[in-house]
Amino acid sequence: ESILNDFQLSRELLNDKLATVAAVRSIIDRYPWVHLACHGSQHPGDATQSAFHLYDGPLSLSDLMQTVADKAELTFLSACQTARGDENNPEEAVHLAAGMLVVGFKGIVATMWSIGDRDAPIVVEAYYKKLLELKRTGAVRKGETGAAYALHEAVKVLRDRVGEHNFLSWAPFVH
């Protein structure tokens with residue numbers, strides 16, 4: 001949060017009881033960047049029921065696909081299984097990250113499997129630090145998000161901390 005304060009970005013924090021399905025749906029189109037830090041799950045029988053688990057229930061892929069966010073630029077899905085497909089399902093590319101593409105986000109950071117509670121904050125902090133540096137220095141040109149570069153650096157920070165051999169910690173983060 002202190003990184004964001006340096007840039008005086010407008011933001012809205014929905015925590016605990018405030019993080020309801022209706023609240024998230026009502027603001028998802030207000031900001032170019034959206035960060036979801038919650039539980040996520042892939043529904044094996046019906047991919048459209050894969051969901052982010054919010055305070056009052058699931059925000060499903062089906063719900064998200066009915067949302068259009070004209071200002072959407074980047075989203076970081078700090079939740080488990082947000083880019084996990086299912087090899088037994090012909091719709092294996094239907095997952096929460098794909099749903100955010102439908103909403104209108106151009107750059108999406110997601111996870112292929114469960115992530116560690118201690119690992120995610122390391123990646124998130126390094127990601128936003130690098131992303132804001134890229135924006136501040138003009139290294140990102142018009143029409144580019146810088147998300148892939150920022151994620152690459154963030155995963156490197158985690159990999160250096162936990163070790164190359166602990167790939168289950170750092171490998172699930174994808175752009």
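Annotation: the span from L131 atom CG to L74 atom CG amounts to 5.5 Å, rounded to 0.5 Å. Note that NE2 of H165 and CG of L168 are 10.5 Å apart. Values are rounded to the nearest 0.5 Å. With values rounded to the nearest 0.5 angstrom, D117 atom CG is found 7.5 Å from C80 atom SG. Note that CG of L158 is 15.5 Å distant from OH of Y127, once rounded to the nearest 0.5 Å.
Shortest non-hydrogen contact noted between L54 and V24 is CD1-CG2, 3.7 Å. In this structure, H53 and C38 approach most closely via the heavy-atom pair O-CB, 3.7 Å. Nearest approach of A97 to I108, heavy atoms of both residues: O-CD1, 3.3 Å. Of all the heavy atoms in V21 and D56, the pair that sits closest is N-OD1, 2.9 Å. The nearest pair of heavy atoms linking K135 to E73 is NZ-OE2, 2.9 Å. Across A79 and H39, no two heavy atoms sit closer than the pair CB-C, 4.0 Å.
Donor-acceptor pairing under 3.5 Å is recorded for the side chains of S169 and D119.
The side-chain heavy atoms of V124 and H35, taken from C-beta on, include a pair separated by under 4.5 Å. Residues L77 and M100 are in side-chain contact: their nearest non-hydrogen atoms beyond the backbone lie under 4.5 Å apart. Side-chain contact between S60 and Q49 is present, with at least one heavy-atom pair separated by less than 4.5 Å. Counting heavy atoms from C-beta outward, Q66 and R25 have side chains that approach closer than 4.5 Å. L14 is listed as a side-chain neighbour of I27, based on a closest heavy-atom distance under 4.5 Å. In this structure the side chain of H95 reaches within 4.5 angstrom of the side chain of Q42, judged on heavy atoms.
Under the 4.5 Å side-chain heavy-atom criterion for ILVMFWY residues, a single connected hydrophobic cluster contains both V162 and V174. Both V102 and L59 are members of a single hydrophobic cluster when ILVMFWY side chains are connected at heavy-atom separations under 4.5 Å. Put simply, L101 and F52 are part of the same group of oily side chains (I, L, V, M, F, W, Y) that touch within less than 4.5 Å, one to the next. Clustering ILVMFWY residues whenever any of their side-chain heavy atoms sit less than 4.5 angstrom apart, transitively, puts V109 in a cluster other than the one holding V140. There is a path of hydrophobic side-chain contacts, each under 4.5 Å, that joins L132 to I122.
Contacts classified as salt bridge (Lys or Arg N to Asp or Glu O under 4.0 Å) and involving residues 143-155 (residues at least two apart or in different chains) are given here: R141-E144.
Within the 3.5 Å criterion, the main-chain N or O of L61 finds no donor-acceptor partner in the side chain of S50. No donor-acceptor distance shorter than 3.5 angstrom exists from the side chain of K130 to the backbone of L151, with no hydrogens or angles considered. Under the 3.5 Å distance criterion, the side-chain polar atoms of K71 are left unmatched by any main-chain donor or acceptor of A69. Side-chain N or O atoms of T82 include one that pairs as donor or acceptor with a backbone N or O of T111 at under 3.5 Å.
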**Message:** Applying side chain to side chain contact (heavy atoms under 4.5 Å, CB included) to S78 and I115, what does each step give before you reach the verdict?
**Reply:** CA-CA 8 Å; S78 188; I115 54 176; 4.3 Å; yes
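At a threshold of 4.0 Å, the pair R161-E125 does not count as salt-bridged, since none of the basic side-chain nitrogens sits closer than that to a carboxylate oxygen.
When each of T75, V68, V34 is paired with I28, the side-chain contact (heavy atoms from CB on, under 4.5 Å) condition holds for V34 and for no other.
Below 30°, between 30° and 60°, or above 60°: for Y128 and F76 the angle between ring planes is between 30° and 60°, a tilted geometry.
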